[in-house]
Protein chains: 2
Amino acid sequence: MTTEPAEAGRDPEAVSKFVEGFAAQLVEAGMQRMPARVFAALLASDSGTLTSAELGESLRVSPAAVSGAVRYLSQQHMVSREREPGSRRERYRVHSNQWYEALTNREAVLKRWESALREGVDSLGAGTPAGRRMAETLAFFEFVDGEIVAMMERWRVQREERFGRG
Amino acid sequence: MTTEPAEAGRDPEAVSKFVEGFAAQLVEAGMQRMPARVFAALLASDSGTLTSAELGESLRVSPAAVSGAVRYLSQQHMVSREREPGSRRERYRVHSNQWYEALTNREAVLKRWESALREGVDSLGAGTPAGRRMAETLAFFEFVDGEIVAMMERWRVQREERFGRG
DNA sequence: CGCTTCCTTCAGAAACTTGTGAAGTTAAGG
DNA sequence: CCTTAACTTCACAAGTTTCTGAAGGAAGCG
């Protein structure tokens, strides 16, 4: 029995197929390639954690690439980093329920759109046709902001019923 | 009185400042630069329509660039194209209320994610930890699908109260 | 306290994107 | 039916992005 790489006993081909396929979807939705692949690999791991070395090996990329991808993902709160006690190894973890909450936390993006639209309404004039169009768009985004919060609360209830506290 | 370019009487600097600023936000959210600029220009126009030539002139880009950007935007249902009767000119229009509905029609994106996740659950096994994590994520997206539909219905009601039938 | 392992940073090569000019296509109008 | 205006397509040049190898830095372990 050798030192198994945690994810032993699974068909590496099937895993890789999923990883690349899901990553491709994320890329199409606007995510950079390497963060997408790293994230998909974590999502597909049984433990939900992988070390830098494991990621580099299974994705066939340099430690530098892993480092950059992980920095991005943790800024987006899609993964967290933890140091294994008594080791130089770092583990990266996807919290199954937290990652998609991060997805809906595009709030910062919405806020910036809103602020740009507010400036537009002001500088073009609230009474002009263009100003009114922007004001309506702005109102929509403000509406969405609130709805998302409520939606996530409903989801948390439903999730607990169906999946338990995770 | 010359042939005014429809958008006369506005401070072109203020308009341009908004256009570039809003476009920059769209770019940061993942949209390509030129579609973002074209779209912002339409949003900032009083009539909500501009011709290819007007777009090229105000954004200082070639007809080719306008053509490409508009193709993308109409694929995304963010603008519609209409031919001026008895003219070779094409007009591009942003329907103020339809464009952000298109935004929420990222449904196609969600559906592809769901399908990739379903494959993941199947190929890794619904009983494995990774499979369960994917199943939960999948359930979340399915939940979101439904919520978005309901949310847009609530918005339409509220919109009519506040802005009329547009 | 120095060795070693692992991660990070950085400069640069390679690959991909983006926008242009030029040629091509479509359709109005004589 | 020919001319001409307007949009589109295409090949390529310029500009970005992305990943790598190499050098640098932090932290366990003897």
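By convention in this document, chain letters (A, B, ...) are assigned in the order of the sequence lines, proteins followed by strands, and residues within each chain are numbered from 1.
Backbone-only contact: A:R81 has heavy atoms under 4.0 Å from sugar-phosphate atoms and none from a base. In this structure, A:G68 reaches neither bases nor backbone, as no heavy-atom distance under 4.0 Å exists between it and the strands shown.
B:M34 is not connected to B:V27 by any chain of hydrophobic side-chain contacts under 4.5 Å among Ile, Leu, Val, Met, Phe, Trp and Tyr, and they are in different clusters. Hydrophobic clustering places B:L103 together with A:M31 (ILVMFWY residues linked when any side-chain heavy atoms are closer than 4.5 Å, directly or through intermediates).
When rounded to the nearest whole Å, the span between CZ of A:R91 and C1' of C:dC7 equals 15 Å. Taking atom CG of B:L50 as the reference point, atom P of D:dC7 lies 12 Å away to the nearest angstrom. Between B:R83 atom CZ and D:dC7 atom P there is a gap of 7 Å when expressed in whole angstrom units. Whole-Å rounding puts the A:R37 CZ to D:dT18 C1' distance at 12 Å. Rounded to whole angstrom, the span from the CZ atom of A:R89 across to the P atom of C:dC7 amounts to 7 Å. In this structure, the CG atom of B:L73 is 13 Å from the P atom of D:dT8, given to the nearest Å. The CD atom of B:E90 sits 18 Å away from the P atom of C:dT25 (whole-angstrom rounding). In this structure, A:E82 places its CD atom 13 Å from P of C:dC7, rounding to the nearest Å.
Atom CZ of B:R60 has 12 or fewer neighbouring heavy atoms from other residues, nucleotides or ligands inside a 6.0 Å radius. More than 12 heavy atoms of other residues, nucleotides or ligands shown are found within 6.0 angstrom of CZ on A:R112.
What you find for B:L110 and B:F141 is that their closest heavy atoms are CD2-CD2, 3.5 Å.
Although no hydrogens or angles enter the test, the distance criterion places no donor-acceptor pair under 3.5 Å between the side chain of B:S67 and the main chain of B:P63. Put simply, the side chain of B:S123 gets close to the backbone of B:E119: a donor and an acceptor are under 3.5 Å apart.
The stretch residues 55-65 of chain B touches DNA chain D through B:P63, B:A64, each having a heavy atom under 4.0 angstrom from the strand. Non-hydrogen atoms lying under 4.0 Å from DNA chain C are contributed by B:Q32, B:R33, B:M34, all within residues 24-36 of chain B.
Between A:W155 and B:F143, the angle of the ring planes lies from 30° to 60°, which puts this pair in the tilted group.
Among D:dT9, D:dG28, C:dA27, the nucleotide with an atom closest to any side-chain atom of A:R88 is D:dG28. Ranking C:dA28, D:dT9, C:dT9 by closeness to the B:S67 side chain, first place goes to D:dT9. Nearest nucleotide to the B:Y92 side chain, out of C:dG29, C:dC6, D:dC7: D:dC7.
With sequence neighbours excluded, the residues forming a side-chain contact (heavy atoms from CB on, under 4.5 Å) with A:R89 are A:T51, A:E84, A:S87, listed by chain and number.
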